[in-house]
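Beneath this line is the structure, given in structure tokens, with notes to follow.
Side-chain atoms are counted along with the backbone in the values below, which use heavy atoms only and exclude waters and symmetry mates. Chain A is the first sequence line, chain B the second, and so forth, proteins listed ahead of strands; every chain is numbered from 1.
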There are 2 protein chains.
Amino acid sequence: MKRKITLKQIARELDVSISTVSKALRNSPEISEDTKQKVQAFAKLYNYKPNNIALSLKNRKTNTIGIIIPEIVHHFFSKVIRGVELVANKRGYNVIVGLSNESFSKEVINMEMLANGSIDGFILSISKETLQLQDYHHFNETMDQGMPVVMFDRVVSDIKCDKVIVNDFGGAKRAVEKLISNNCKQIALITTKDYVSVGKLRTQGYMEALKESGFELKSSLILKLDDRLDYEVHLEALEKEIEQLFKSNTAIDGVFAVNELYALSAMKVARKLGLEIPRDVQVIGFTDGVLSKHSTPSLSTVSQHAQIMGERAADLLINKLETVSTEAEEEYQTIVIETDLIERESTK
Amino acid sequence: MKRKITLKQIARELDVSISTVSKALRNSPEISEDTKQKVQAFAKLYNYKPNNIALSLKNRKTNTIGIIIPEIVHHFFSKVIRGVELVANKRGYNVIVGLSNESFSKEVINMEMLANGSIDGFILSISKETLQLQDYHHFNETMDQGMPVVMFDRVVSDIKCDKVIVNDFGGAKRAVEKLISNNCKQIALITTKDYVSVGKLRTQGYMEALKESGFELKSSLILKLDDRLDYEVHLEALEKEIEQLFKSNTAIDGVFAVNELYALSAMKVARKLGLEIPRDVQVIGFTDGVLSKHSTPSLSTVSQHAQIMGERAADLLINKLETVSTEAEEEYQTIVIETDLIERESTK
């Protein structure tokens, strides 16, 4: 193994201040791209680790679980955290949370920071940017260093680790089957672009249900939204897209939306166009958040059991932490959480 | 300063296993109350600190801010975190989040864990249990050790630190004044018990507005709920209490509720009793969360500007971290965020 290099040595070698090195490694906007590239390349070459003292703590048990989630203002993720907390507390573990804000570099920084002696293992859901870049080195490096990782919801099949996922395909299929059995003939789908794995699977579930019932697939009935735009802030943009969908398909009598906000917006737009719910249009969403329950009419939805996902993930991680592996090859599990269809007022 | 004692020494002295000591210090339910008390008293006497190596890191700058919040499934707190993140990222800091789950002991454990070399300073909102116990030793100890703390929203005047609060009194007063100017004669208040400082201040704002307008204060119009019960889970219990309020005061034509859930439930109960909103009853809530915007009718509410609170708190903390104090006496600031009244469909 190469000898460890310090911030000070990097600064001396490149003739810049220590503060510049530190900021460049943190990708600070204060530092020029040129300097950042130089510092980062040098640090990589000499295998720089942010904190050498902390590394000595790595073999110490902290009894703390690190959670990395993409977004905090999101009922689903906060329910998962509640589930992790519940099991962690029961089993004598503490929980700390880091946020990637859907950014690849923030995900990397957070993992490095927490892996440096603060925690025993990770429970995480991958950021959208990481999924787009398909750069998973930080997950693999963390596991190579002996720190277990459990992924939930947004996972990648290439990465070998324990996983907890929702049956997105099956949940979506069942929702659309419900609309079909409720006599809907023109069922629209409001979904995300395909790089988000869960959006893709839900889209496939929609298509499979239609296919099995002998329906013709019409691409004009599928609205794929770029969810890098925060629609909670840009509600009008969202409603405009949905209004377009309804106007180009005036016979729409059913809508399946891959999240709560899309479903609620569909109900709002339908009402605005003089359609009554569920008489003229029936709507089913995905995710049982606060909005579904409190909306008028209340929203029928596919429940993901977010809290149970958190509980299962915590059990998987703690089991791994407390078992001494004797096998040469580690074994990994994927737990699939089945969804429930919660029928409320937006369906007949 | 006393010599540091290790887990092992405590275990030997008390003739128990190391694991028992560790669990007792974490207040694990696996350990008997008797043993816990013995271990905790001994550890306190010998000034035990969970991790001696980590203490050596304490003077190292981590460029990380620790946030401790009482509850994660809460739009207000997640918006505050978003505000902290925004400023922290701009200024080159990272953020990690610990959860107290409204529990005193979890708040203490989380602070100890993070103060042990993981972060440079805290931004926090006090747990309900801590407020009830009025035990603030952990905040004072943290600050005595030279780690700055900024408190937001739920603060205590006894503690000397930087604070960011909302003008709860003024916001509540303005909301009730609005109901009065909209011709409401019998204005009910749905609030929490007084130990939550923000609930108390909002109650005072309600009373002051009525007093100034020459209204008589009727205790029968004030419903004080014990919010240790999670009403999001026990919605029916909440609605029953509110229904009782409406039934004992059939002339109610205005409702001011100190949070979103209470306000929405009031609208639901009113509708159930055949009252139309805003024609028969006008309703104003507090906190501009997702429910207010998406409910039918949409809810008029007092906006707390949660994200701005987070931004101000982060600026206060980072300013303190980056300034070398030359004064003998530290100075502390309290920033008061003014509220806005957002008028939607639930008022005339």
- Query: Between A:Asn89, A:Leu264, A:Val95, which residue shows the highest count of heavy-atom pairs closer than 4.5 Å to chain B?
  - Reply: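 When all of A:Asn89, A:Leu264, A:Val95 are compared, A:Asn89 has the most.
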
- Message: Rounded to the nearest 0.5 Å, what separates atom CG in A:Leu291 from atom NZ in B:Lys293?
- Response: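 It is 9.5 Å, given to the nearest 0.5 Å.
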
- Separation between CD1 of A:Ile81 and CG of B:Leu99, rounded to the nearest 0.5 Å: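 If I round to the nearest 0.5 Å, the distance is 6.5 Å.
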
So [Y] and [X], do their side chains get closer than 4.5 Å, heavy atoms only?
X	Y	answer
B:Ile72	A:Ile72	yes
B:Leu261	A:His294	yes
B:Asn94	A:Lys106	yes

Which bit of [X] comes within less than 4.5 Å of chain B, counting heavy atoms only: side chain, backbone, both or neither?
X	value
A:Lys268	neither
A:Ile109	both
A:Ser265	neither

Heavy-atom pairs under 4.5 Å with chain A are the metric here; pick the option from [options] that has the most.
options	answer
B:Ser78, B:Pro297, B:Gly289	B:Ser78
B:Gly92, B:Gly98, B:Ser295	B:Gly92
B:Leu114, B:Ile67, B:Asn63	B:Asn63
B:Lys90, B:Glu71, B:Arg91	B:Glu71

- Query: Where does B:Ile96 contact chain A at under 4.5 Å (heavy atoms): side chain, backbone, both or neither?
  - Reply: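 Answer is both: backbone and side chain atoms of B:Ile96 are under 4.5 Å from chain A.
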
